[in-house]
Amino acid sequence: MNPFGRYLLNKLFWYLLAFVAAMALNFFLPRLIPGNPVDAIVSQMAQGGGASGEAMQRVYDTYIVEFGLDKSPLEQFISYLGNLFRGDLGTSLGNYPTSVNSLIGAALPWTLALQLPTILLGWILGNILGALAAYKGGWVDRGAFLGSLAFSSIPYYGLAILLLYTFAVALPWFPTGGAYGFASSPSWTWGFIADAFRHYLLPFLSLLLVVIGGQAIGMRSMAIYELGADYVGYERSLGLREPRIVRGIFRNAMLPQITGLALSIGALAGGALITEIVFSYPGLGTVLFDAIRQNDYPVIQGVTMLITVAVLAANFLVDLTYGLIDPRIRTAHGAGA
Amino acid sequence: MAALLSVQNLRAAYRLANGVELHAVDDVSIDLREGEVLGVVGESGCGKSTLATILALNAAPPLYVKSGTMQVQGRHADLTESDPLPRSERGKLISTLPQSAMNAMNPTTRVRDLAYDVLRAHERTTRKAAWGRAGARLEQLGLPTRVLERYPHELSGGMRQRVITVISTLLDPTILIADEPTSALDVSSQRAVVEMLKDLLARKIISGVLFITHDLPLLRHIADRVAVMYAGKVAELGPTERVINTPEHPYARALVGSILVPEPHIRAARVLGIPGSPPDLAAMPKGCRFHPRCPLADTRSREEVPPLVEVGDSGSHFAACWRTLEARQLLAGNLVGGPDGRVG
Amino acid sequence: MIRSLFGNGRFRLSFSLIALIVVTALVGPRLDDRNPLFAVGGRYDEPSSQIWLGTDAIGNDVFLQLMHGLGTSLYIGLVAGVVATLIGVAIGTLSGYIGGLLDEILMGFTNILITVPTIVILVLLSVALQNRSTLLLGVIIGVTSWPWTARAVRAQTSSLKTREHVDVAKLSGAGTFGVIMREILPYMMSYVVMAFVLQLSSGVLNEAGLSLLGLGPSQSISLGKMLQSALQGEALRTGAYWAILPQTILLSVIAFSLLLLQSSLDEFFNPRLRRR
């Protein structure tokens, strides 16, 4: 097989294994709760006194069947997998009888709108900043490095809270939360889009700055390393033009950064969830938060499952791109893959 | 014979973080003649690689050139400047052949793209034309043109070193500074690179080579003259056969004696016959730098730095040793009737 | 060595900040023995000379809570850091030193854990364990974050094990454990220390993240739980900055100074990262 195919197959194998492991965690961990989860939930609902006894019994029966608690753990796991592959994440307990699918479906676009642009833009800008810092040196480097260190070390929610307080409370320029004003409802009108954009800007910025900081630090040290490489001296002594040399340096420094992107997607996903909570942004983070408060296990499992699948898929895509770009993988002859 | 390259009074030091300066090259003057290979040999740490770095115009902090000028084909350059030669002359007037082609080639650049970048940096050319020229040069030197399509990691070590030799001489540079170009290679690849350099000289693609190595026996096959360096200074300089057969400096004698065993393929890299080790660059001995290890050292050796002076009759053999000088003066005095100032 | 380390401005700054934080966490709670979970005023009382940082949504003294919460957060971070570093070093050294099939299995496992988002495992574990003491929370965070350390330690180990002194020890009959403890670990202490600093920092931040999701320590007050109650109590939107900014800033300063410490140590131990 050609080296790239082997690389791909190897990656695919590990991702599949990671996927299975995540699914197993997803299935078994909530079952560690003493007693059966339905008892816990139903007794909590009863304490709340919201529903009548008859309704409670209906919920209880539904869940005994849905969780398949009368079956063996293995059978339960298999039926759980079957439901997953049909794309059925079950029914919410907290918002009975809304399906988990529709809860997540409503939240997903907001989360995607927040995360995709921040990852891509943050990665590009962070790399440019890091490269610039490494190449220019001096005060540009010191400023960019300390700034990046500050932004990348501040936790996501920390920056979110600081931005929210500064630009929405102390200086009331932006709304204090939500994805759109109370008065408007989602529609494709200019008024709504402008309103949504105003709500979008602060959470977007708070995520973007952290991503830029983290990527810039990585790029800076890679580029400093490459700047000292032998080939730079050789190319200079052959009289190559500086822009050509710099292009080569940054192309090489960029390659590990692609892997860096893959590795940071998971952390970013987690950070973005919490950022959503700070801004009351109606994405998956808020859904997860509500579900945890209500012990709404199907929703918790659905959200963690979706995050896992998305992060694994994104990682795989990044690895695929890396394999296509790096000639050392693409054209490796013999052993070195 | 007119000097192709003339280096005068080169001094250079590495500046450490704590402010201490290590003088790696101390007052070295060297001429390279038209059509010749000048070998520079010495143990590691003797300053030969620093010399190569400076002449390849690659000196960068923490290495600082304290003084020194260079003349190439009538052009005068001050080596203490950050850019002694304009970019357009680099690679054309002086080019460099590094030790490890693997490290010297950008791992994500194909050979043909490097060739294009090199040519394009100095003249107007198209990608096709540049590849054509590089291909023609490869064929001329007996290498397959398909290596142009390859990335460095796809070539064997020996092939990589030959390919980079072609890249280094693509612009027909006047002078080639070869810094241990064969040290990492097996014997047959070493021979291939050496033959290639001779071929390049014969075809007048290049006009002179400064060949830096720790491998004295190898120089026998390629160098016309040899400079032996010790602790940042030239200890002895002369025609290869003379330096090897009748070394004048005690260090050169020890080096030759310890390395040149009858079978040329047995090459010991270490100087076995000399007790002690090269001096610490931070604490250089006074006087002759070799005196702590020299069996012949006397008071003068310990106090005064010996100059590099002529020791032969041909006008081409020089050594920097008080005792050698004394011996020759005695000899000359006996023959002519009194010491005179012929040497100086 | 210590002197030249203190010659680095970044090290001096980060070290002083961390020393200040630790001393505050140790001394702070002893200055005032009132229970931080006991209300002293009304909802969001403004800062005053008695209550320096005002009160939170249910009338607790924010300053008092901060003093106690800081210690809890650092304790959880410390437990997480120690657990993660111990597991990471154990797996990394075994994997790198023994190699072969064991290496493949351990590193495969490590890589799987790296790819699955930490937050997912943290959430699932915390949900499953309904009663979370500070110790348990630290352990939970630790067992989810060791893979990075394991990977770095493994790389170090496989390069160290080819050294001469390791061979000498092996020839003189030292066992695997002995070689790892005496011939490998001491030579990478700097890496282990740096990894620990990073783990400590991510432990503190992860506690806060979990608390924000409502999965904080059950019975204690921590910086993360203070954040969560402030967010839930709409402290920002009601303008009660004193109830939310102190813990936010404190968490950020802890993270920043630990990262700064790590980066100055890194530069000190790996001169290659210094500019030429």
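In this text, all values refer to a predicted model and were calculated from it rather than measured experimentally. Below, read A as the first sequence line, B as the second, and so on, with proteins coming before strands; counting in each chain starts at 1. Atom set for the values below is all heavy atoms of this structure, side chains included, hydrogens, waters and symmetry mates excluded.
- Taking OH from A/Tyr231 and OG from B/Ser100, the interatomic distance works out to 13.5 Å, rounded to the nearest 0.5 Å.
- The distance from atom CG of A/Leu238 to atom NZ of B/Lys92, rounded to the nearest 0.5 Å, is 12.5 Å.
- Between A/Tyr234 and B/Pro98 the shortest heavy-atom distance is CE1-CD, 3.5 Å.
- Heavy atoms of A/Arg236 lying under 4.5 Å from chain B belong to its backbone as well as its side chain.
- In the displayed structure, A/Arg247 atom CZ is contacted under 6.0 Å by at most 12 heavy atoms of other residues, nucleotides or ligands.
- Top candidate by heavy-atom pairs under 4.5 Å with chain A, chosen from B/Arg120, B/Glu89, B/Met102, B/Gln99, is B/Arg120.
- Interatomic distance, CG of A/Asn252 versus OG1 of B/Thr108, reported as 3.5 Å (0.5 Å rounding).
- Neither the backbone nor the side chain of A/Glu226 comes within contact range of chain B, judged by heavy atoms closer than 4.5 Å.
- Among B/Asn106, B/Ile177, B/Leu119, the residue with the largest count of heavy-atom pairs under 4.5 Å with chain A is B/Asn106.
- At a heavy-atom separation below 4.5 angstrom, chain A is approached by B/Ile164, B/Ile167, B/Ser168 within residues 158-170 of chain B.
- Of all the heavy atoms in A/Glu235 and B/Leu114, the pair that sits closest is OE2-CD1, 4.1 Å.
- Interface check for chain B: of the options A/Ser237, A/Gly248, A/Gly233, the most heavy-atom pairs under 4.5 Å are formed by A/Ser237.
- The contact between B/Asn58 and chain A is made entirely by side chain atoms (from C-beta outward), counting heavy-atom distances below 4.5 Å.
- Counting heavy-atom neighbours within 6.0 Å of A/Phe316 CZ, excluding the residue itself, gives a total above 12.
- Residue A/Arg251 touches chain B through its side chain alone, counting heavy-atom pairs closer than 4.5 Å.
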Do any side-chain atoms of residues 62-72 of chain B form donor-acceptor pairs under 3.5 angstrom with protein atoms, and if so which ones, sequence neighbours left out?
| residue | atom | partner | partner atom | Å |
| --- | --- | --- | --- | --- |
| B/Lys66 | NZ | B/Glu21 | OE1 | 3.0 |
| B/Lys66 | NZ | B/Glu21 | OE2 | 3.0 |
| B/Ser67 | OG | B/Asn9 | O | 2.9 |

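- Heavy atoms of A/Ile325 lying under 4.5 Å from chain B are absent altogether.
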